[in-house]
Amino acid sequence: MVDRNYIIQKKLNAWFRNHGRHDLPWRTTFSPYEVLVSEFMLQQTTVATITPRFLIWMELFPTLEMLAQASEEAVLGAWQGLGYYSRARRLHLVAKTVVSNFQGKIPRDLDQLLALPGIGPYTAKALLAFAFDQPVEVLDTNIIRVIARLNNITEPIDTKRGHLLIKESARNILPPKNGRVFASALMDLGSMVCKSGEPLCDACPLSSECEAEEPSCLPLKQPRVAITKKKEQRAFYYRRNKIYLEKSQGPLWKGLWILPHCSSVQKPREIFSSITYPITRYRVTMELYRPSGSIPKSLHPFSILELKNIAIPSPHRKALETCFAK
DNA sequence: CTCCGGATAA
DNA sequence: TTATCCGGAG
């Protein structure tokens with residue numbers, strides 16, 4: 001009997017040559033810096049969202065050295081709207097660390113990568129595979145789904161046991177070399193064919209090798225935490241064509257410009273406007289007031305034009321729009 | 001509306 | 001181990 005892993009690698013390779021996403025902008029040079037930036041952006045964010053933003057980023061910060069030298073303002077501005085802003089600060093810090101500690105060369109060593117901020121098990125392996133072509137298991141959500149179905153793993157994948165099973169199975173089918181193509185192929189298969197929900201098994205090159213009994217039910221996951229409601233009051237200071245914002249001290253939206261919190265002392269009776277937005281496990285209703293008193297010293301004035309060029313989280317941007325619409 | 005997704009601090 | 005961080009797509 002011919003080795004199952006060998007068949008899987010062969011079929012996957014052939015499928016990838018014909019159907020893979022070879023035009024993704026971070027799949028042209030595979031420079032470690034481009035892989036680094038794309039992988040940070042791809043954490044928790046879709047390919048469609050980051051594709052144009054990746055291109056703009058590379059215009060702004062073409063090299064690791066230029067990113068390392070950039071200001072925090074510029075980096076957060078380039079990340080504006082992508083969410084999870086700690087990724088931007090950590091990516092910035094990685095660039096500075098690599099310049100000062102590794103002569104500007106992103107390390108090829110797993111433990112050195114894991115020691116860098118914002119680089120966890122996934123991103124470290126992704127760098128080894130995509131930048132350095134090493135055959136390692138790259139366990140993003142797409143590949144985890146493919147592995148779970150291929151081997152009919154019915155243990156929930158977000159438990160320690162389940163994740164370990166996935167990891168062992170993924171290591172089992174690794175080729176001896178060409179880790180970049182293998183990881184890319186598995187990832188594209190998961191994203192384009194072995195999709196969450198209803199997979200396109202008729203179009204799958206691995207259907208003969210797949211052991212899934214009910215592929216649409218895999219992988220199993222533990223239930224999510226419930227959504228709870230919250231309320232917050234914020235001030236819309238708009239005087240002499242200037243809008244007054246405060247710099248968030250975090251952890252939420254740290255370093256970004258937000259509408260200032262509105263205390264009961266300065267809060268007028270009338271709600272000026274209100275919006276509701278989801279954030280992690282909350283649904284927040286933001287009530288907006290127009291205080292009449294003096295403007296706190298901690299706030300910074302911006303002209304309407306300037307608002308476009310500073311980092312403002314999406315819900316606050318939306319709140320500003322509804323205020324201006326009145 | 002609901003679902004989806006890596007790293008980290010606690 | 002568990003909760004937190006965000007915005008886009010369906």
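Order of the sequence lines fixes the chain letters, A, B, ..., with proteins taken first and strands second; residue numbering starts at 1 for each chain. Please read all numbers here as calculations on a predicted model, not as lab measurements.
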Does the side chain of [X] get closer than 4.0 angstrom to OP1 or OP2 of [N] through an N or O atom?
{"X": "T141(A)", "N": "dG5(B)", "value": "yes"}
{"X": "R281(A)", "N": "dT4(C)", "value": "yes"}
{"X": "Y282(A)", "N": "dT4(C)", "value": "yes"}
{"X": "T123(A)", "N": "dA7(B)", "value": "yes"}
{"X": "W253(A)", "N": "dC6(C)", "value": "yes"}
{"X": "S314(A)", "N": "dG7(C)", "value": "yes"}
{"X": "K221(A)", "N": "dG5(B)", "value": "yes"}

Using a heavy-atom cut-off of under 4.0 Å over every strand shown, decide if [X] touches base, sugar-phosphate, or nothing.
{"X": "I279(A)", "value": "base"}
{"X": "L42(A)", "value": "nothing"}
{"X": "R283(A)", "value": "base"}
{"X": "Y122(A)", "value": "sugar-phosphate"}
{"X": "Q43(A)", "value": "sugar-phosphate"}
{"X": "Y277(A)", "value": "nothing"}
{"X": "P278(A)", "value": "nothing"}

Rounding to a whole Å, what distance do you find between [X]:[atom1] and [N]:[atom2]?
{"X": "R87(A)", "N": "dG8(C)", "atom1": "CZ", "atom2": "P", "value": "11 Å"}
{"X": "I227(A)", "N": "dC3(B)", "atom1": "CD1", "atom2": "P", "value": "9 Å"}
{"X": "W79(A)", "N": "dG8(C)", "atom1": "CH2", "atom2": "P", "value": "13 Å"}
{"X": "I275(A)", "N": "dG7(C)", "atom1": "CD1", "atom2": "C1'", "value": "13 Å"}
{"X": "R89(A)", "N": "dC5(C)", "atom1": "CZ", "atom2": "C1'", "value": "10 Å"}
{"X": "L256(A)", "N": "dC5(C)", "atom1": "CG", "atom2": "C1'", "value": "12 Å"}
{"X": "L91(A)", "N": "dC6(C)", "atom1": "CG", "atom2": "C1'", "value": "17 Å"}
{"X": "R317(A)", "N": "dC6(C)", "atom1": "CZ", "atom2": "C1'", "value": "15 Å"}

Query raised in the report: So does E59(A) have more than 12 non-hydrogen atoms from other groups sitting under 6.0 Å from CD?
Result: no
Report task. Taking atom CZ of R161(A) as the centre, report whether more than 12 heavy atoms of other residues, nucleotides or ligands fall under 6.0 Å from it. Result ->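 Not more than 12 within 6.0 Å, no.
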Query raised in the report: Would K10(A) and E209(A) pass as an ion pair if we require N to O under 4.0 Å?
Result: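 Here K10(A) does not pair with E209(A) in a salt bridge, since their nearest N and O are not under 4.0 Å apart.
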Query raised in the report: Using 4.0 Å as the upper bound for N to carboxylate O, is an ion pair formed by K230(A) and E232(A)?
Result: no
Query raised in the report: Does S86(A) or Q222(A) map to a spot on DNA chain C nearer the 5' end, using the closest nucleotide for each?
Result: Q222(A)
Report task. Identify, between K160(A) and P313(A), the residue whose nearest nucleotide on DNA chain C lies closer to the 5' end. Result -> K160(A)
**Report entry** Qualifying residue for side-chain hydrogen bond (donor to acceptor under 3.5 Å, both in side chains) with D188(A), from H19(A), R21(A), H22(A)
**Finding:**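 Between D188(A) and the candidates, side-chain hydrogen bond (donor to acceptor under 3.5 Å, both in side chains) is satisfied uniquely by R21(A).
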Query raised in the report: Using the ring of each side chain (for Trp, its six-membered ring), is Y277(A) parallel, tilted or perpendicular to W253(A), with breaks at 30° and 60°?
Result: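 Judged by the thresholds at 30° and 60°, the geometry between Y277(A) and W253(A) is tilted.
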Query raised in the report: Of the nucleotides dA7(B), dT4(C), dG5(B), which has the atom closest to the P121(A) side chain?
Result: dA7(B)
